[in-house]
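Have a look at the structure below, then the notes.
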2 protein chains.
Amino acid sequence: MRHRLKDVAERAGVSVKTVSNVVNGYLHVRPDTRARVEEAIAELNYRPNLSARNLRKGRTGIIALAVPELDIPYFAELARHVVTAAAEHGWTVLIDQTGGGPEQERKVAGGIGDHLIDGLILSPLALTADDLAGLAGIPMVLLGERIDHGPADHVAIDNVAAAHAVTTHLLGLDRRRVAAIGAQRTPEGASARLRLAGYAAALAEAGIEYDERLVAPAPAWHRADGAAAIRHLLTSGVRPDAVFCFNDTLALGALRALHEAGLRVPEDVAVAGFDDIEDGRFSVPTLTTIAPDKERIAHLAVDLLANRLTGNPDAPPQELTAPHHLIPRESTTP
Amino acid sequence: MRHRLKDVAERAGVSVKTVSNVVNGYLHVRPDTRARVEEAIAELNYRPNLSARNLRKGRTGIIALAVPELDIPYFAELARHVVTAAAEHGWTVLIDQTGGGPEQERKVAGGIGDHLIDGLILSPLALTADDLAGLAGIPMVLLGERIDHGPADHVAIDNVAAAHAVTTHLLGLDRRRVAAIGAQRTPEGASARLRLAGYAAALAEAGIEYDERLVAPAPAWHRADGAAAIRHLLTSGVRPDAVFCFNDTLALGALRALHEAGLRVPEDVAVAGFDDIEDGRFSVPTLTTIAPDKERIAHLAVDLLANRLTGNPDAPPQELTAPHHLIPRESTTP
DNA sequence: AACGTTGCTTACAACGTTGTAGAAACCTGG
DNA sequence: CCAGGTTTCTACAACGTTGTAAGCAACGTT
C-alpha cells in the first residue's frame with residue numbers, strides 16, 4: 001500500500017535517483033522522462049518517507065513551539081501566528097506543552113526526542129540562562145521575559161514601558177489608589193517584576209506614593225487568581241479605585257470578583273489588563289489592555305530561527321523588541 | 001558535538017549493538033558492561049537519532065492532533081487533554097491547525113509529510129466520509145459530529161440528547177420563547193444540525209411550536225457571531241426570553257450583545273451555551289452550559305488509536321460516545 | 001570428558017533517501 | 001567528423017539505527 005522510490009523507478013523504467021531528482025525538482029531531467037516519472041508517482045500515490053529523507057539530510061523540516069499552557073488564550077493565539085509564519089518557510093510546527101516545569105522545559109530544550117526538530121521557539125517559565133547554557137541544544141529562540149540576554153535569540157516587548165503606559169492611563173482618569181495584581185517574588189516571575197517596575201515608575205512620576213498594600217500577589221495568572229486577589233484587596237482596608245492586572249485572564253477574574261462584590265466597573269473601580277486576548281473584546285465590560293503585536297512576535301521568532309538554520313549558526317544572540325500599544329475600552333472609559 | 005551509537009561504543013569498548021541493547025533496555029547485558037556503556041552515554045550526552053530509529057522501525061512515536069482552530073478555547077482545552085493522554089503511551093503529539101478548510105484537512109489526513117506520524121486524531125469540519133475513504137491514510141480517529149459511521153473510529157458526545165437537556169432546562173424556567181443561535185445549513189454544520197434537532201425535540205415535547213424566527217444562523221461560532229445573532233433577533237420582532245447558543249463562545253458574544261441592548265441576564269433573557277470552556281466559569285454572569293467530558297474524549301480517542309497501532313489495524317470502525325452533563329449557572333438561574 | 005543450555009556479545013544487512021562521481025548521450029563549432 | 005562542453009542519467013555509498021543469526025564463554029548435567 002505504501003510505495004518507495006524504488007517502486008516508482010521500476011514502474012517508470014528509470015533509476016531510483018532519477019525519481020529522487022524529479023521529486024526534488026532537479027533541473028536537468030528530460031521533459032518526457034519527468035512526465036513518465038510523475039505519472040508513475042501519481043499512479044502509486046507515492047509520498048516520500050520523511051524519516052529517511054531526514055536521516056540523509058540531517059534536517060527534519062519541523063520546528064517546535066513550546067509554551068507553558070495551551071489553554072491560556074495568549075499562548076493559543078501566539079501559536080496560531082507561529083504556525084502561519086512557519087508555513088512561509090515550509091516548516092511544520094510541533095506544538096508542545098511544558099506546563100512551566102523545569103524538568104519538562106529542560107527536556108524540550110534538549111531537543112525533544114533529539115534530531116527530530118530543527119529548531120525550537122521556547123517560552124520558558126522555569127528555565128534559567130544558566131540551565132540553557134549547559135544544554136548543547138539546538139537552535140533556539142526564546143520568548144517572554146524569563147531569560148534576558150541569555151545564550152539564545154530573544155523576542156519580547158518592552159514590559160516596563162507597557163506597564164508604565166497602562167498605569168499612566170489609569171492615573172490619567174484621576175484614580176489615585178491604583179492597585180497592581182499579579183506580583184510574584186519567585187524567580188519565575190520575571191514578567192511580574194518588569195510590569196511591577198513599570199507600575200512603580202509611573203506612580204513615582206505622578207508623585208504618588210507606592211503602597212505595599214495595593215500590590216496583590218498571584219501565584220499563577222489564571223482567572224481564579226485574579227478573582228482571589230480582588231477579594232483579598234477588598235478586605236485589606238485600602239479600597240482601590242483602579243486595578244492594573246498583569247495579564248488579561250487575571251483581569252477577567254477581577255471583573256468577575258468585583259461584580260460579585262457589587263462594585264461597578266469602571267465607575268467604582270477601573271480595570272486594565274495585559275495581552276489583548278479575544279475574551280477581553282467581548283467581556284462585560286470590555287477590557288482595557290496592552291496589545292503586544294503577537295503576529296510580529298511570531299514572525300520575528302520564526303525569522304530568527306531561519307537565520308540560525310540557514311545563515312550563520314554562531315552569530316551572537318540577538319535581542320529583539322516587538323511593538324505594543326494601549327487599547328482603552330469600557331473597563332476604564334465608559 | 002552530536003554523538004552516535006558508534007561513538008559511545010568506541011568509548012565503552014563494546015559493539016554498536018550492545019550500546020543499542022543498553023539504550024533499549026535489553027535484558028541480557030552484564031551489569032558491568034551496562035554500567036560502562038551508561039557511563040559513556042552520560043559522558044557524551046548521547047541522544048538517539050529518532051529519524052534513524054524511525055526509519056528502521058517504521059514507527060515515529062508521534063501522533064498528530066488536527067483541529068480547525070487552536071484559539072477556539074474548546075480545542076485548546078481538548079488539546080491539553082490529548083497531550084496528557086498520549087504521554088501515557090509514550091507518544092509525542094504534533095498539534096496541527098487545519099483552519100477547517102478541505103484542502104488542509106485532506107493534506108493532514110493524507111499523513112502530513114507522510115511517514116512522519118503514526119496516527120491522527122482529526123476533528124474535521126470540511127471533510128466528508130467519502131473524502132476519507134479515498135485516502136489510503138494512516139490510522140485515524142475522528143472527533144466531533146461531521147463524520148458519523150465513516151471509515152474510521154469516531155468519538156463524540158450525544159449532541160441531540162445534550163441539546164435536548166439544555167432546552168428542557170430553559171423551558172423548565174417557564175421560558176416560552178426559547179431562541180437557538182448557531183444554526184447552519186451548510187454541510188459542514190453537522191453539530192449545528194444535531195443540536196438543532198435536540199432543541200426542536202424538546203420544544204415539541206413541551207408542546208411549544210417551533211418558530212422559525214427564533215432560530216438564528218451563525219456562519220462561524222465565534223463571539224462576534226453570537227453578538228451579531230442577538231442583535232438580529234432583537235430587531236426581528238419576536239423578543240426571546242431565553243437563548244440556547246450552540247457553543248460557549250457564541251453565548252459569550254450573546255451575553256455581551258444583550259448587555260449592550262440593556263437586557264438583564266437571566267431576568268429578561270436566560271442564556272445557555274455548550275462546551276464548558278473556562279471563560280464561562282468567570283463571565284458576568286457565569287454561563288450555564290453543557291460540559292462534554294473532554295478528558296474522556298481525549299482518552300477514548302488516544303486509546304482507539306493505540307488499538308489500531310498495536311492491535312488489529314483492520315478491525316471495523318468503532319463509534320464511541322463520551323458522557324456530558326448540564327451545568328446550571330447564573331445565566332439561567334440567578 | 002563430552003554434551004547441551006544459557007547468558008552475553010557481535011557482525012552484518014536492511015530501513016528509504018540523497019550526495020558524489022562518473023558514464024553515456026547529446027550538442028556545438030571548427 | 002572530431003574535440004570539448006553540456007545535459008541526462010545511473011551506480012554506489014552513506015546517514016544512524018535495530019533485527020537476525022550466529023559466535024563464544026561459562027555453566028551444570030550425564
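A, B, ... follow the sequence lines: proteins, then strands. Residue 1 opens every chain.
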With the side chain of B/V16 defined as its heavy atoms from C-beta on, choose the nearest nucleotide among C/dT18, D/dT18, C/dT9.
-> D/dT18
Within the structure, does a side-chain N or O atom of A/R30 lie under 4.0 Å from either OP1 or OP2 of D/dT7?
-> no
Identify, between B/L27 and B/L55, the residue whose nearest nucleotide on DNA chain C lies closer to the 5' end.
-> B/L27
Between A/S20 and C/dT18, does any side-chain N or O lie under 4.0 Å from OP1 or OP2?
-> yes
Within this structure, what is the CG-to-C1' distance between A/D7 and C/dT17, rounded to whole angstrom?
-> 13 Å
Between P of C/dC27 and NE2 of A/H28, the distance in whole Å = 15 Å
Earlier contact from the 5' end, DNA chain C, for A/N21 and B/A52 = B/A52
Mind calculating the distance between CZ (B/R4) and C1' (D/dT17) to the nearest angstrom?
-> 12 Å
Minimum heavy-atom distance between B/A9 and B/V19, given as atom pair plus value | CA-CG2, 3.6 Å
What closest approach, in Å, do B/A12 and B/R36 show between heavy atoms, and which atom pair accounts for it?
-> O-NE, 3.1 Å
How far apart are the closest heavy atoms of A/R106 and A/D131, and which atoms are they?
-> NH1-OD1, 3.1 Å
Taking the side chain as every heavy atom from C-beta outward, state whether B/D148 and B/E319 have any pair of such atoms under 4.5 Å apart.
-> yes
Mind calculating the distance between CZ (B/R34) and P (C/dT9) to the nearest angstrom?
-> 9 Å
D/dT18 OP1/OP2 closer than 4.0 Å to side-chain N/O of B/R53 = yes
Could you work out which one of D/dT18, C/dC8, C/dT17 sits closest to the side chain of B/R56?
-> D/dT18
Can you tell me if the side-chain N/O atoms of B/Y26 get under 4.0 Å from OP1 or OP2 in C/dG7?
-> no
Given that both distances must come in under 3.5 Å, which nucleotide forms a Watson-Crick or G-U wobble pair with D/dT18?
-> C/dA13
Do B/L125 and B/E105 touch side chain to side chain, with heavy atoms closer than 4.5 Å?
-> yes
Look at B/T18 and C/dT10 and indicate whether a side-chain polar atom (N or O) is within less than 4.0 Å of OP1 or OP2.
-> yes
Atom CG of A/D32 to atom C1' of D/dC9: distance rounded to whole Å?
-> 12 Å
Would you sort out whether B/H28 and B/N21 count as a side chain to side chain donor-acceptor pair (under 3.5 Å), showing the intermediate values?
-> CA-CA 9 Å; B/H28 302 302; B/N21 286 339; over 6 Å; no
For B/N24 and D/dT18, is the shortest distance between a side-chain N/O and OP1 or OP2 below 4.0 Å?
-> yes
Do the side chain of B/K17 and the base of D/dG19 come within less than 3.5 angstrom through a donor-acceptor pair of N or O atoms?
-> yes
A/K57 NZ to D/dG16 C1', straight-line distance once rounded to whole Å = 18 Å
Taking atom P of D/dG19 as reference, at what distance in whole Å does atom CG of B/L5 sit?
-> 12 Å
Grab the CG-P distance between A/N49 and D/dT17 for me, whole Å please.
-> 17 Å
D/dG16 OP1/OP2 closer than 4.0 Å to side-chain N/O of B/S51 = no
Donor/acceptor link under 3.5 angstrom from B/K6 side chain onto base of D/dG16 | no
